[in-house]
Amino acid sequence: MNRRRTIVMLNNDFRLHDHPALYNAVNSGDVIPVFIYEEEDQEKWSIGAAKKWWLHQCLHSFQQSLHEVGGKLWIFKGTANEILPRLIEETRAEAVYWNRSYHPEIYKSHIKLAKELSNHNLEIQTFEGITLLPPWSTTRKEHEPYRVFTPFYKAFPMKSVPQAYPSIKRMDTPNITLNSLMVEDLDLLPKEKWPDFLETAWEPTEEKAIQIFKHFCEEKLGHYGEDRDIPSREGFSKLSPYLAMGMISARSMFHYLLDYRNHTAFIRQLIWRDYAYQFLYYFPHSTTLPLQELFKEIRWNDDEDRFDAWKKGSTGFPFIDAGMRELWGTGYLPNRVRMVVASFLVKDLLIPWQKGAEWFWDTLIDADLANNTMGWQWVAGSGVDASPYFRIFNPATQSKRFDPDGAYIKKWVPELKDLPKKYIHEPWNAPDDALAKAGITLGKTYPLPIVDHAAARKRALDRYEEIKNK
DNA sequence: TGGCAGTTGCT
DNA sequence: GCAACTGCC
């Protein structure tokens, strides 16, 4: 007798633990896991370069994981709408399962797909595989999302977060002939040489993700509230790349955390993530347009040279430059630094936040459309629960507060490493002999600041004032 | 999930 | 001089 066959369509959920679609498929018969790589059709927010690199690593790793439990991964190129109907026919599958993606384009096309497939006498099921609870579940009223985080957080029904599904130990694959592409065929690796450090900074396995998480709970969770803001102390989890690719599940983290003391600050971050998904789900256009209409009117100073200086980490502000270089070198940035460099781009340089969002999207290996959008709209002040427009970070003050001994700066901006910590946050104020002694010539070995912060701050306030009075 | 200028009230 | 505080952007 033929066993029932289920196709599981994968998308940023490369794990065996707490995988609703895969788990349910495994329990109903033979499973055909497929990954369909939607080639760039110039669509906005298709995967950025860094995340492509990471996807390449993760696909290899997940192939191996599936192999170890008796499964196999089939890889295709194209769109799900073209490929799935053909697969269903060729494999004689009776069901198609997937965990929902909330990327607006993908979500839309999957809904359309589900409609089309339902004509084929198939069982179609979608599951929640990303967030703690589906984005529509904690709203003010039906279809009315929260506009401020704190009420969302307070209303969030922690007791309703479902238990994680057990890890899959064994799966059955039908004996079929079905050609799959190799990971290499997807051509995900960058053409140019990437910084060497990237190759060694991240290990793309589910086991590693879980190991990092457990280590985090044991060693760092207790001080997470304070240490997560100090980049040199690395008090944060560094799990975002794994979370973004679904190598670890938010739900399983959530339940595991409850057994530890001092878990509140971290769980709050997980709920921020759910909130970002609610934001993306209800405001899909927010990826490119300011949520508050007024902010469309801001007069930017879209200066390409300054944008380049920001991207390259040569703004002359050590803390900013350290961050931008870390981003380029590792595909990662601590949240505090993300906020400060983002504020600098938007407020000090008056460059549209969308350009910053695109740069982050291309360079972060943990790039996540919901988090990226919410973060940039927050900084720009144009989101719902946004930072007030007058909140402008002072790059030097933030540097002194969160990198007091300059360790982070020295790591990423080595040309300043011999400068005493007294001057390292604002080298333009250092006396000549201190600079000479450290072997620094401003404007030559390290740039002069590309803007005067005090003047830039005033200018930003003026520009925001203009729209306020409209 | 700020910063700044102006002020007070100390040394 | 300076911390601590205040009101405002």
Side-chain angles (χ1 to χ4, degrees), chain A residues 146-154 156 223-237 240 262-276 278-279 291-292 294-295 298-299 317 319-320 323 332-350 353 356-357 360 366 368 370-404 408 422 425-426 428-429 449 451-470:
Chain A
Y146 278 95
R147 302 194 157 264
V148 183
F149 173 70
T150 304
F152 175 83
Y153 178 69
K154 285 188 178 148
F156 192 85
H223 304 101
Y224 177 71
E226 310 87 65
D227 286 2
R228 69 192 215 88
D229 270 336
I230 315 287
S232 65
R233 212 173 281 171
E234 301 234 341
F236 28 83
S237 68
S240 52
N262 294 323
H263 58 240
T264 315
F266 195 84
I267 284 189
R268 193 182 159 89
Q269 290 307 115
L270 287 178
I271 295 176
W272 258 110
R273 181 169 171 277
D274 266 44
Y275 185 56
Q278 172 162 111
F279 193 82
L291 209 59
Q292 296 182 44
L294 260 186
F295 283 79
I298 284 198
R299 288 197 297 129
F317 291 86
F319 193 69
I320 304 285
Y332 180 84
L333 211 50
N335 189 51
R336 166 60 50 182
V337 188
R338 293 184 198 207
M339 294 194 293
V340 178
V341 300
S343 169
F344 185 78
L345 183 80
V346 174
K347 308 272 168 90
D348 284 61
L349 302 185
L350 270 180
W353 62 267
F360 271 25
D366 66 19
D368 175 296
N371 288 334
N372 201 42
T373 302
M374 157 146 292
W376 280 96
Q377 293 241 21
W378 184 86
V379 166
S382 59
V384 274
D385 182 18
S387 157
Y389 72 93
F390 51 77
R391 188 177 288 160
I392 298 170
F393 287 108
N394 180 322
T397 307
Q398 292 284 315
S399 181
K400 287 174 202 162
R401 189 177 303 164
F402 298 114
D403 188 28
Y408 180 66
K422 194 168 151 195
H425 308 285
E426 30 197 354
W428 59 90
N429 282 337
V451 287
D452 171 54
H453 173 70
R457 179 174 177 277
K458 277 204 193 79
R459 185 179 65 163
L461 288 172
D462 287 346
R463 294 291 169 88
Y464 276 76
E465 192 68 26
E466 285 176 13
I467 60 162
K468 212 180 97 184
N469 297 326
K470 283 205 173 183

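Atom set for the values below is all heavy atoms of this structure, side chains included, hydrogens, waters and symmetry mates excluded.
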Problem set entry | d(CZ, A/F344; C1', B/dG3) in whole Å | 16 Å
Exercise. Quick one: A/L461 CG to C/dC8 P, roughly how many Å, whole number?
Worked result: 16 Å
Exercise. Atom CG of A/D452 to atom P of B/dC4: distance rounded to whole Å?
Worked result: 11 Å
Exercise. Quick one: A/E426 CD to B/dG3 P, roughly how many Å, whole number?
Worked result: 13 Å
Exercise. CG of A/N394 versus P of B/dA5: gap in Å, rounded?
Worked result: 10 Å
For this session: Quickly, which of A/W378, A/Y153, A/F149 forms a ring-ring contact (aromatic ring centres under 6.0 Å, His included) with A/Y275? Name it, please.
Result: A/F149
Problem set entry | Closest to the A/F390 side chain, choosing from B/dG3, B/dT1, B/dG2 | B/dG2
Problem set entry | Worked check of side-chain hydrogen bond (donor to acceptor under 3.5 Å, both in side chains) between A/S382 and A/Q377 | CA-CA 5 Å; A/S382 59; A/Q377 293 241 21; 3.0 Å; yes
Problem set entry | Centroid-centroid distance, A/W272 to A/F152, less than 6.0 Å | no
Exercise. Do the side chains of A/R336 and A/F393 get nearer than 4.5 Å, heavy atoms only?
Worked result: yes
Problem set entry | Minimum-distance nucleotide to A/R391 side chain [options: B/dG3, C/dC9, B/dT1] | B/dT1
Exercise. Does OP1 or OP2 of B/dG3 have a side-chain N or O of A/Q398 closer than 4.0 Å?
Worked result: yes
For this session: Would you classify A/R268 as touching base, sugar-phosphate or nothing, given that sugar-phosphate means primed atoms plus P, OP1 and OP2, and contacts are heavy atoms under 4.0 Å?
Result: nothing
